[in-house]
Amino acid sequence: MIADAIRAELDQLGVTIVSPGLAAVAINLAEALDEIPAGDAPTSKAVVADKLTAIMTKLRGLAPPAVKGDAVDDIAEQREKRRSEARKRGEQSG
């Protein structure tokens, strides 16, 4: 459950290549959280969750910038669309 979600986030972030050791620790902590039975040792679960949160925060900071689909790409795409439309209008009027 938690481990699956962490693996998915690590894949999405693309940090496993950048920091494989830290990513492995995150997965290990998530698996440990999954193994702690509900209602058992809430303090232990809280400590592990806190450590996992700290590691994931570090990993998110190490994540390479998004290649496609981020705000910068959206702005560039909109600008190119406007320029293309302006060129078409210029060709039609001239």
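Numbering starts at 1 and runs along the sequence shown.
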**Message:** Enumerate the salt bridge (charged side-chain N to carboxylate O under 4.0 Å, His left out) contacts for residues 16-28, please, sequence neighbours excluded, ordered by first and then second residue.
**Reply:** none
**Prompt:** Does any pair with a residue in residues 14-26 pass salt bridge (charged side-chain N to carboxylate O under 4.0 Å, His left out), and if so which ones, sequence neighbours excluded?
**Reply:** none
**Asked** Which pairs pass side chain to side chain donor-acceptor pair (under 3.5 Å) with one or both residues in residues 22-35, sequence neighbours excluded?
**Response** R7-E31
**Asked** Could you give all pairs that pass the side chain to side chain donor-acceptor pair (under 3.5 Å) test and reach residues 17-27, with sequence neighbours left out?
**Response** none
**Item:** Non-neighbouring partners of A23 that pass side-chain contact (heavy atoms from CB on, under 4.5 Å), sequence neighbours left out
**Value:** L10, T16
**Request:** Give a yes or no on this: more than 12 heavy atoms of other residues, nucleotides or ligands lie within 6.0 Å of atom CD of Q12.
**Result:** no
What is the distance from atom [atom1] of [X] to atom [atom2] of [Y], rounded to the nearest 0.5 Å?
X	Y	atom1	atom2	value
R83	R87	CZ	CZ	8.0 Å
I27	D4	CD1	CG	10.0 Å
D11	I6	CG	CD1	11.5 Å
L62	L22	CG	CG	7.0 Å

Would you tabulate the side-chain donor-acceptor contacts of residues 46-57 under 3.5 Å, counting partners in other chains and residues two or more places apart, or write 'none'?
{"from": "T53", "atom 1": "OG1", "to": "A49", "atom 2": "O", "distance (Å)": "2.8"}
{"from": "T57", "atom 1": "OG1", "to": "T53", "atom 2": "O", "distance (Å)": "2.8"}

Over all atoms of both residues, closest heavy-atom pair of [X] and [Y]:
X	Y	value
A63	V15	CA-CG1, 3.3 Å
P20	I17	CD-O, 3.7 Å
G14	P64	O-CD, 3.8 Å

**Asked** Do S84 and K81 pass the side-chain contact (heavy atoms from CB on, under 4.5 Å) test, and can you show the C-alpha distance, the side-chain angles, and the key distance before you say yes or no?
**Response** CA-CA 5 Å; S84 176; K81 192 181 293 185; 5.7 Å; no
**Message:** Could you check whether E77 pairs with R82 (Lys NZ or Arg NE/NH1/NH2 to Asp/Glu carboxylate O, under 4.0 Å)?
**Reply:** no
